[in-house]
Amino acid sequence: MGRITFIEHNGREHVIEAETGQSLMQAAVDNNIPGIDADCGGACACGTCHVIVENGWLKATGDINADEQGMLGLTPEKAETSRLSCQIIVSDALDGMVVRLPEFQM
Amino acid sequence: MNRLRPLLEPVIRPALDKAAAIVPIHWQIKGAHTFQSLKKRAGMDRAIPVFRETPLPDVSTLKLSEIDVSNPFLYRQGLWQSYFKRLRDECPVHYQANSPFGPFWSVTRFEDIMFVDTRHDLFSAEPIISIGPQPEGLEIETFIAMDPPKHDVQRQAVQGVVAPKNLAQMESLIRQRTADVLDHLPENEPFDWVQRVSIELTSRMLATLFDFPFEQRHKLAYWSDVAAGAPESTGGSANTHEFFTAAADMAQHMSWLWREKEARLAAGEAPGFDLISLLLANEDTRDMIKRPMEFMGNMVLLIVGGNDTTRNSMTGGVLALHQFPDEFDKLRQKPELIPNMVSEIIRWQTPLAYMRRVAKEDVTLQGQTIKKGDKVVMWYASGNRDERAFDQDPDQFIVDRKNARKHLSFGFGVHRCMGNRLAEMQLRILWEEILKRFDRIEVLDEPGYVQSNFVRGYTKMTVKLTPHHDRPSS
Ligand code: HEM
Ligand code: FES
C-alpha cells in the first residue's frame, strides 16, 4: 500500500491509497483522478498518463526504459522528472510520493 | 526504349541535385515534372494504375486470397465493414499477393495493430506510409515516414506548435471563427455541409497554424486533397499533371512565406507561434529550406495531417448523429457528453484507414510469417470495429461509450498523432456551438465519398438545419 498525492495543473490535490503491484496509472484510473487519460491502457504507447514526479522521488519510481523515454520525448510538456505512470509499479517505497499532472495529456 | 535510361539519367540527375541548393523549389518540381514527362515518353516511367469503379462483389462469394482491401471504392460502396469482418474472423493477418499496389499484408485486429504500431524496432515507417509509393520524381521526406532517431529530432522541432500554451491561445480564436461560420449558414433549406462548414473551418484553422494569407486559405485545402490523392499511392483520383502543378504552387507559396518570416525575424521582430516561425527558431530546422524535399515534406505533413482528418470528422459526426438519432437526443439532454462524443466520432469515422510499415526482419504474427521487406498495413478502420476489443458493439455510435478514448484512429507509439488535441478541441468547439444554435441537422441525401483506400472522407453532404425554436431565425 502507498499513499500517493496527485496535484492537478490547477492546483487541486487528490490523495489516494494505491495497491502494491499495480501500476500508478491503474491506481489513478481506479480512483477517478482527472487528467490521466491512459488511452492505450498501459502499453507505453500513447503518453497520456504523463506525471511529473516531485523532487526527490524520481529514483524510487524505478528505471525508465527506452520506449518510455521515446514516448516522453513526444510531449511538449516533458520535464526533468517526467514519467509515464503506467510504467511505475506501486510499492511501499512510494508511500508519501507526490506527483503533478501536466496541463494537457498529449 | 529503355536504351535511353543510361543516356538521360546521368545528365539530368546530377543537374537536378546540384540545382537543389540554389534553384527555387517550385522550379525544381517543375524540372522534376519535365524529367518525368521525358521518362514517360521514353517508356522509362513506372506504370501508374488506373482505377475505374465497378460494383464490388459480396465478400462471402470470394476466396480469402481474392480479398483485396486496398480497393479505393470499398469505403464508397459501403462494403468495408463486411470485408474486414471476414478478415478479422477468418484470417486476421492476411496476405494479398496481387493488388494494384503490389503484394501486402493486412493486420486487422485491434491488439495486433497495437503490436505492429508500437514495435518500430521490427516495423519501419520508411519510405512512406501509404500502400503504394509516392509519385515518381516527387518523393518528399516527412517524419511520419521516418524511424527513430531521425523521426524524434524532426518531430521535436515542430511539436511546440501544439503545446498547451499555443492551444489555449488558439481556443478563443477557433471559437470565434466557428461561431462566425455557423451564424452565416442558411436555415431550413438544403446546403452542402462539407463545403460550408467542414472545409471552411479546417482551412481557417490551417491558415492560422501557418499564419498563411487568410484570403488564400482555400489553396491549403486544395493542395491537401491533391497531395493525398495520387492514384499510385492511395488509389485516389488526382492525375500526375495536377499533382505536380499543385506541388509546385505549394512550394512557391510556402517558400515565400518562409522567406517573409525569415526577413521579419532578421529585422528583429518577435517570432510568432506559427509553424514556420517555430521551424526558423530551432537550430536543427532553421536551414530546412535548403533541403527541399524535407521542407516540402514537413509542409505537406502538416497541411494534410491537419486538414482531411479533422474535416471528415466534422462531417462524419453529423452523419453519425443522423444515423443514430437517439444519440442526438441523449446529447441534447447532456451536452457535457461532448468531449466523450468527440472521441467516439473520431473512432467511428477513423479518418485515416491505415498506416503502412515494412518488416525489418521476419516476424510471426497470428501464425503467419511476415518476411523481412514485406509491406504491412495496419487497418485502423478495422481495428476500431474489432468486436474483441470493445465491450459495447463497435458498429454502434454511442455518445457515452465507456473508454471512448481507447481507439486506434490516432495510432499508437512514437508516431502517435501530433495534432490529436488540436483536432479534439476543434471538434469539441464545433459541437458546443452547434448545440447552442440548432435543434436538428437532417442529412437529406446519401453523402458523396472520397475515392481512396487511405482517406475515409466525404466530398459532399446535403443537410438542413432547424434552429432552436426560441432563437429568432436569421
Ligand atoms: C481527427 C483528426 C486526426 C486524425 C484521425 C489523425 C490521424 C493520425 C494518424 C493515424 C497518424 C499516424 C499514427 C501512427 O503512425 O501511429 C497521425 C500522425 C500525425 N498527425 Fe494526425 N490526425 C488528425 C489530426 C491532425 C492534426 C489537426 C494535425 C496538425 C497539427 C496532425 C498532424 C499529425 C502529424 C504531424 C503526424 C506525424 C506524427 C509522427 O510521425 O510522429 N494530425 N495522425
Ligand atoms: S497509458 Fe498509454 S502510455 Fe501510459
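Quick note on labels: first sequence line is chain A, next is B, and so on, each numbered from 1. Just so it is clear, the values below take in all heavy atoms, side chains as well, and ignore hydrogens, waters and symmetry mates.
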Requested in this report: For each of B:H407, B:R405, B:R155, B:Q156, tally heavy-atom pairs with chain A at distances under 4.5 Å, and name the one with the top tally.
Outcome: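 Option with the top pair count is B:R405.
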
Query - Choice from B:S343, B:A404, B:G413, B:A163 maximising heavy atom contacts with chain A below 4.5 Å - result: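 Option with the greatest count: B:G413.
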
Rounded to the nearest 0.5 Å, how far apart are [atom1] of [X] and [atom2] of [Y]?
X: B:D117; Y: A:C40; atom1: CG; atom2: SG; value: 11.0 Å
X: B:R421; Y: A:D37; atom1: CZ; atom2: CG; value: 5.0 Å
X: B:H120; Y: A:D67; atom1: NE2; atom2: CG; value: 5.5 Å
X: A:F104; Y: B:M425; atom1: CZ; atom2: CE; value: 7.0 Å

Just wondering, more than 12 heavy atoms not from [X] lying within 6.0 Å of its [atom1]?
X: A:N10; atom1: CG; value: yes
X: B:E336; atom1: CD; value: yes
X: A:N65; atom1: CG; value: yes
X: B:N403; atom1: CG; value: no
X: B:R286; atom1: CZ; value: yes
X: A:E19; atom1: CD; value: no

Over all heavy atoms of both residues, which pair between [X] and [Y] is shortest? Give the atoms and the distance, please.
X: A:L74; Y: B:Q159; answer: O-OE1, 2.8 Å
X: B:P164; Y: A:E103; answer: CB-OE1, 3.5 Å
X: A:D39; Y: B:F412; answer: O-CZ, 3.6 Å

Query raised in the report: At a heavy-atom separation under 4.5 Å, does B:L167 approach chain A through its side chain, its backbone, both, or neither?
Result: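 It is the side chain, since no backbone atom gets that close.
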
Report task. Side chain from CB out, backbone as N, CA, C, O: work out which of these in B:M114 comes under 4.5 Å of a heavy atom of chain A, or both, or neither. Result ->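 Only the side chain of B:M114 comes within 4.5 Å of chain A.
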
Requested in this report: Check whether A:T75 gets within reach of chain B through its side chain, its backbone, both or neither, counting any heavy atom under 4.5 Å.
Outcome: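 Just its backbone gets close to chain B.
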
Requested in this report: Sort by residue number and list every member of residues 88-96 of chain A having a non-hydrogen atom under 4.5 Å from chain B.
Outcome: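 At a heavy-atom separation under 4.5 Å, chain B is reached by no residue of residues 88-96 of chain A.
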
**Report entry** Options A:P76, A:G47, A:A45, ranked by heavy-atom pairs under 4.5 Å with chain B, top entry
**Finding:** A:A45

